[in-house]
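This is a predicted model, so every value here is computed, not measured. Each chain gets a letter, A, B and so on, in the order the sequences are listed, and its residues count up from 1.
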Amino acid sequence: MRLRFAPSPTGYLHIGNARTALFNYLLARKHRGKFILRIEDTDVLRSKKEFEKGIIEDLHWLGIDWDEGPEKGGDFGPYRQSERLKIYDAFAKRLLKENKAYHCYCTKEELEQRNKELLARGESPRYDNRCRNISDSQKERYLKEGRKPVIRFKIPERIIEINDLIRGRVSFDTGLMGDFIIIKSDGTPAFNFAVVVDDILMEITTVIRGEDHLSNTPRHIMLFEALKAKIPEFAHMAMTLGPDGSRLSKRHGATSVREHRKIGILPEALFNYLALLGWGTKESQELFTKEELVKEFSLERCKEGAAIFDSAKLTWMNGLYIRKKEPEELVELILPYLKEKNLMHLRGEPVGVRFIKPETTGVINVAPTIDKNYLTKIIVLERERIKKLSEVPDLIEYFLTEEIKFNVKALEILKKPGVKEILTSLRQELTKLIPFSQENLEKIIRDWTKRNNLKTKDVFHPLRVAITGRTIGPGLFELMEVLGKERVIKRLKFIVNSS
RNA sequence: GGCCCUAUCGUCUAGGGGUUUAGGACGGGUGGUUCUCAGCCAUCAAGCAGGGGUUCGAAUCCCCUUGGGGCUACCA
């Protein structure tokens, strides 16, 4: 079994394409077949090397690997269509010779004009095959005019039936189609031709692709037949839609794998989530490891209807995977985000984290160095609140800056009558405390609260706000222990002394 | 316009003629745990697009309508 994923490097890896790649990958691995990456870069204008690189990186990041491909090599290469131009040319010549294709001299403008007229008359816009039997003199005249011909495939009129692995029998009447272009006037192959030639030569046995290619499949089948090649099996998977049910596009937010990676979605989460889009098990299982998916996946269980990409569910799943990670690993994953927000400063090995003032620009105001140990402790406290890695800097900022910011709600709480007195008294109590441990803190603060006939709520909350600047966060005592005596006292002092 | 695909809670889905008062998950509501948030636990609301058939019986099979998507490009 040989499967392939054939992206066009005209942009970064789209979520929908990533899902196509994933399904191909899963099936290939399940059946211990070969998975091939082929770059369809015949659109010279839009294709960019940078995107090819990006797609390869993103696939790897997602956890998808392949057996043959442009960087990897293989016995069926080259795997970049731009490097196979001679091959397409030879196949086109063969069709020409066998009278299964012909040169067409119509210009883009002429075609456009004719289609417009057809449409105006209420007829179907399509090529009228007029160059099929063009005379030699006419041909010469066109050539003299400087027209560059395209090569069109001569469509045999008949009914073509596809036995799609996902949607069953689908039939098309080729009599309704016009002869289509296989070689463009610049000599490069049209998509419909290049795919077929490549799938033949790369001995692809199963083609899994998006439903947008279903209507192209009869054209492909005609070409396979004309070239006397074995026709592969086809499976057309339903499209991935945006929240409003239209095609997933930029206006729906993050649509590329890269963007998701950037906002801190874990590859395992995206992998798992994507698999669930248009596929599911009898048990409606939600969480799968890669190995489980390879084992469980099947085309028979793919849904025919399109699926809407739900980022809320992805986010939920991401939180789940984050909570499953070891704190040490999470710290490593978070480092780039902290760096980006200027919340840490990397220096040599091992990586050290230093305090800096949040609004520092230019010269970094060096503060006490803290290490990954400290970060790990922080992450342990905050882990269950993390949904995306990009949220972490904001979540843990008050652990990493000397001066903390107070939000509006926090300020309101600090302004309440009696709060300052409570904090003043509490500060004295805490100054004496050794060791500054969670257990110790809880005991002494609870005792103090009881002794003063106060409700825990009226003590704990202001205390939290005073030392973190915010009303939400991890458990108060564990938070205080991690923050450390020095910082806690300093922050309390700041509040108490301010008017 | 023509052709093709498609349709179960807001979303992802289970269901493939009777076992279904249509199950699970996300999201939402409520309650509990708790200084807060998150998490966890409990709980609630929410759906077979509409209309015809077939059948003793239909979410499940067929047809039509409607909605959505795709192809109809010298894009892929």
Side-chain angles (χ1 to χ4, degrees), chain A residues 6-8 10 40-43 45-47 81 104 106-108 111-112 115 118-127 148-152 162 164 166-167 170-173 176-178 180-186 188-192 194-195 209-219 236 238-239 241 243 245-247 273 276-287 301 303-317 319 323 382-387 395 409 413 445 449 455-465 468 470-477:
Chain A
S8 283
T10 54
E40 308 218 325
D41 55 351
T42 52
D43 184 349
L45 256 40
R46 296 196 300 144
S47 294
Q81 289 189 331
C104 164
C106 301
T107 64
K108 248 185 237 181
L111 293 167
E112 217 168 283
N115 277 344
L118 282 170
L119 214 48
R121 263 183 282 144
E123 286 175 53
S124 292
R126 65 165 203 221
Y127 181 60
K148 284 247 186 299
V150 299
I151 300 176
R152 283 186 189 267
I162 303 168
D164 192 278
I166 292 174
R167 45 202 84 225
V170 184
S171 61
F172 294 88
D173 182 357
L176 267 19
M177 305 172 191
F180 59 94
I181 295 171
I182 57 175
I183 298 285
K184 300 183 247 178
S185 57
D186 65 357
T188 61
F191 158 78
N192 284 321
V195 237
R209 68 210 330 184
E211 193 190 342
D212 47 344
H213 290 303
L214 183 57
S215 304
N216 282 323
T217 307
R219 286 177 245 274
H236 289 93
M239 301 272 85
L241 272 24
S246 70
R247 209 173 178 164
Y273 176 74
L276 253 33
L277 224 49
W279 175 85
T281 60
K282 209 165 190 153
E283 299 77 23
S284 287
Q285 184 179 336
E286 306 280 338
L287 265 27
R301 291 200 64 87
K303 291 258 300 177
E304 293 97 321
I308 289 173
F309 183 79
D310 181 10
S311 56
K313 187 156 183 176
L314 205 212
T315 303
W316 160 76
M317 195 172 270
R323 268 173 263 140
E382 293 283 4
R383 189 168 48 169
E384 62 197 26
R385 252 165 300 273
I386 308 172
K387 292 271 196 292
L395 222 44
K409 269 189 185 165
I413 285 166
I445 294 172
T449 306
K455 283 186 200 155
T456 52
K457 192 184 171 175
D458 297 325
V459 177
F460 290 18
H461 210 50
L463 182 54
R464 156 187 305 284
V465 167
T468 68
R470 49 184 85 182
T471 54
I472 59 168
L476 181 60
F477 308 111

- Query: Among B:A76, B:G1, B:G27, which nucleotide sits nearest the side chain of A:D43?
  - Reply: B:A76

List every contact pair, protein side and nucleotides 59-62 of chain B side both N or O, where the distance is under 3.5 Å.
none

- Sorted by chain and residue number, the side chain to side chain donor-acceptor pair (under 3.5 Å) partners of A:R247 (sequence neighbours excluded) come out as A:D212

- Partner set under side chain to side chain contact (heavy atoms under 4.5 Å, CB included) for A:H461, not counting sequence neighbours: A:I413, A:R464, A:T471

- Task: Would you please name every residue forming a salt bridge (charged side-chain N to carboxylate O under 4.0 Å, His left out) with A:R209, sequence neighbours left out?
- Result: none

- When all nucleic acid strands are considered with a 4.0 Å heavy-atom cut-off, which category describes A:L476: base, sugar-phosphate, or nothing? base

- Message: Going by purine N1 to pyrimidine N3 plus the second Watson-Crick contact, or the G-U wobble pair, all under 3.5 Å, which nucleotide sits opposite B:C40?
- Response: B:G32

- Item | Partners meeting salt bridge (charged side-chain N to carboxylate O under 4.0 Å, His left out) with A:E304 (sequence neighbours left out) | none

- Message: Does A:R323 reach a base, just sugar-phosphate, or nothing at all? Heavy atoms under 4.0 Å.
- Response: sugar-phosphate

- Whole-Å gap separating P (B:C26) and CG (A:L277): 16 Å

- Under 4.0 angstrom, heavy atoms only, what part of the nucleic acid is A:R209 near: base, sugar-phosphate, or nothing? nothing

- Which nucleotide in the set B:G2, B:C12, B:A76 lies at the smallest distance from any side-chain heavy atom of A:E40? B:A76

- Item | Distance between P atoms of B:U60 and B:U19 (Å, rounded) | 14 Å

Distances under 3.5 Å only, N/O to N/O: pair up the protein atoms with those of nucleotides 28-32 of chain B.
none

Output a table of nitrogen or oxygen pairs between the protein and nucleotides 44-49 of chain B separated by less than 3.5 Å.
none

- Message: Strictly under 4.0 angstrom, non-hydrogen atoms only: write out the protein contact profile of nucleotides 20-25 of chain B, one letter per nucleotide from the 5' end, B, S or -.
- Response: ---BBB

- Task: Under 4.0 Å between any heavy atoms, over every strand shown, what does A:G278 touch: base, sugar-phosphate, or nothing? Just pick one.
- Result: sugar-phosphate

- Message: Using whole Å, what does the distance between atom P of nucleotide B:C35 and atom CZ of A:R464 come to?
- Response: 10 Å

- Find the partner of B:U54: check Watson-Crick (N1-N3 plus N6-O4 or O6-N4) and G-U wobble (N1-O2, O6-N3) distances, both under 3.5 Å, and reply none if neither fits. none

- Whether over 12 other heavy atoms sit under 6.0 Å from A:E112 CD: no

- Task: Not counting sequence neighbours, which residues clear salt bridge (charged side-chain N to carboxylate O under 4.0 Å, His left out) with A:R385? List them please.
- Result: A:E382

- Task: With P as the reference atom in both, quote the distance from B:U8 to B:G50 in angstrom, rounded to an integer.
- Result: 11 Å

- Item | Interatomic distance at C1', B:A58 relative to B:G18, whole Å | 9 Å

- Message: From CD of A:E384 over to P of B:U33, roughly how many Å is that when rounded to an integer?
- Response: 18 Å

- Distance, C1' atom - from B:A14 to B:G24, rounded to whole angstrom: 7 Å

- Query: Which residues satisfy the salt bridge (charged side-chain N to carboxylate O under 4.0 Å, His left out) test with A:K387, sequence neighbours excluded?
  - Reply: none

- Item | B:C12 OP1/OP2 closer than 4.0 Å to side-chain N/O of A:R301 | no

- Query: Taking all non-hydrogen atoms of both residues, which atom of A:R167 and which atom of A:H236 are closest, and how far apart?
  - Reply: NH2-O, 2.7 Å

- Message: If you assign each of A:K387 and A:D310 to its closest nucleotide in RNA chain B, which residue comes earlier from the 5' end?
- Response: A:D310

- Query: Can you tell me the Watson-Crick or wobble partner of B:A14, both distances under 3.5 angstrom?
  - Reply: none

- Pick base, sugar-phosphate or nothing for A:T315, based on heavy-atom distances below 4.0 Å to the nucleic acid. nothing

- Does the base of B:C5 carry an N or O that pairs as donor and acceptor with the side chain of A:R167 under 3.5 Å? no

- Checking B:C35, B:C37, B:A76 against the side chain of A:H461 (C-beta onward), the nearest is B:C35

- Message: Set out, in order, the CA-CA distance, both residues' side-chain angles and the distance that settles side-chain contact (heavy atoms from CB on, under 4.5 Å) for A:R126 and A:M177, then state yes or no.
- Response: CA-CA 7 Å; A:R126 65 165 203 221; A:M177 305 172 191; 5.8 Å; no

- Message: Students often get this wrong, so: under 4.0 angstrom with heavy atoms, is A:P474 touching a base, only sugar-phosphate, or nothing?
- Response: base

Collect all protein-nucleotide pairs involving nucleotides 64-74 of chain B in which both atoms are nitrogen or oxygen and the distance is under 3.5 Å.
residue, atom, partner, partner atom, Å
B:G70, O2', A:D212, O, 3.3
B:G70, N2, A:S215, OG, 3.2
B:C71, O2', A:R219, NH2, 3.2
B:U72, O2', A:P125, O, 3.2
B:C74, O2', A:K108, NZ, 3.4
B:C74, O2, A:S185, N, 2.8
B:C74, O2, A:S185, OG, 2.6
B:C74, N3, A:S185, OG, 2.9
B:C74, N4, A:C106, O, 3.2

- Let me know the distance between NZ of A:K409 and C1' of B:U36, rounded to the nearest Å. 10 Å

- Note on the structure: On a heavy-atom basis, the closest approach of A:I162 and A:P218 is CD1-CD, 4.1 Å

- Query: If you look at every strand shown and take non-hydrogen atoms under 4.0 Å, does A:T456 touch a base, only sugar-phosphate, or nothing?
  - Reply: sugar-phosphate

- Task: Using the P atoms only, state how far B:A7 lies from B:C63, rounded to an integer number of Å.
- Result: 13 Å

- Message: When you measure from the side-chain N and O atoms of A:T42 to the phosphate of B:A76, is any distance below 4.0 Å, counting only OP1 and OP2?
- Response: yes

- Task: May I have the distance from A:R383 (atom CZ) to B:C40 (atom C1'), rounded to whole angstrom?
- Result: 14 Å

- Task: Return the nucleotide paired to B:C3: Watson-Crick means purine N1 to pyrimidine N3 with N6-O4 or O6-N4, wobble means G-U with N1-O2 and O6-N3, both under 3.5 Å.
- Result: B:G70

- Message: Nearest heavy atom decides the nucleotide; on that basis, is A:I472 or A:G305 closer to the 5' end of RNA chain B?
- Response: A:G305

- Base paired to B:A45 (Watson-Crick or G-U; both N/O distances under 3.5 angstrom): none

- Sugar-phosphate only, base, or nothing, as touched by A:K455 at under 4.0 Å among non-hydrogen atoms: nothing

- Task: Write down the distance separating the C1' atoms in B:C12 and B:G31, rounded off to the nearest Å.
- Result: 27 Å

- Query: side-chain contact (heavy atoms from CB on, under 4.5 Å) between A:Y127 and A:L111: does it pass, once the steps are laid out?
  - Reply: CA-CA 7 Å; A:Y127 181 60; A:L111 293 167; 3.5 Å; yes

- Message: What is the separation between atom CG on A:L276 and atom P on B:U13, rounded to the nearest whole Å?
- Response: 8 Å

- List in chain and number order the residues that pass side chain to side chain contact (heavy atoms under 4.5 Å, CB included) with A:E384, two or more places apart in sequence or in another chain; answer none if no residue qualifies. A:R323

- Message: Please give the distance between the C1' atoms of B:A45 and B:U30 as a whole number of Å.
- Response: 10 Å

- If you look at every strand shown and take non-hydrogen atoms under 4.0 Å, does A:S171 touch a base, only sugar-phosphate, or nothing? sugar-phosphate

- Distance between C1' atoms of B:C62 and B:G17 (Å, rounded): 14 Å

- Reckon A:T281 touches a base, only the sugar-phosphate, or nothing at all at heavy-atom distances under 4.0 Å? sugar-phosphate

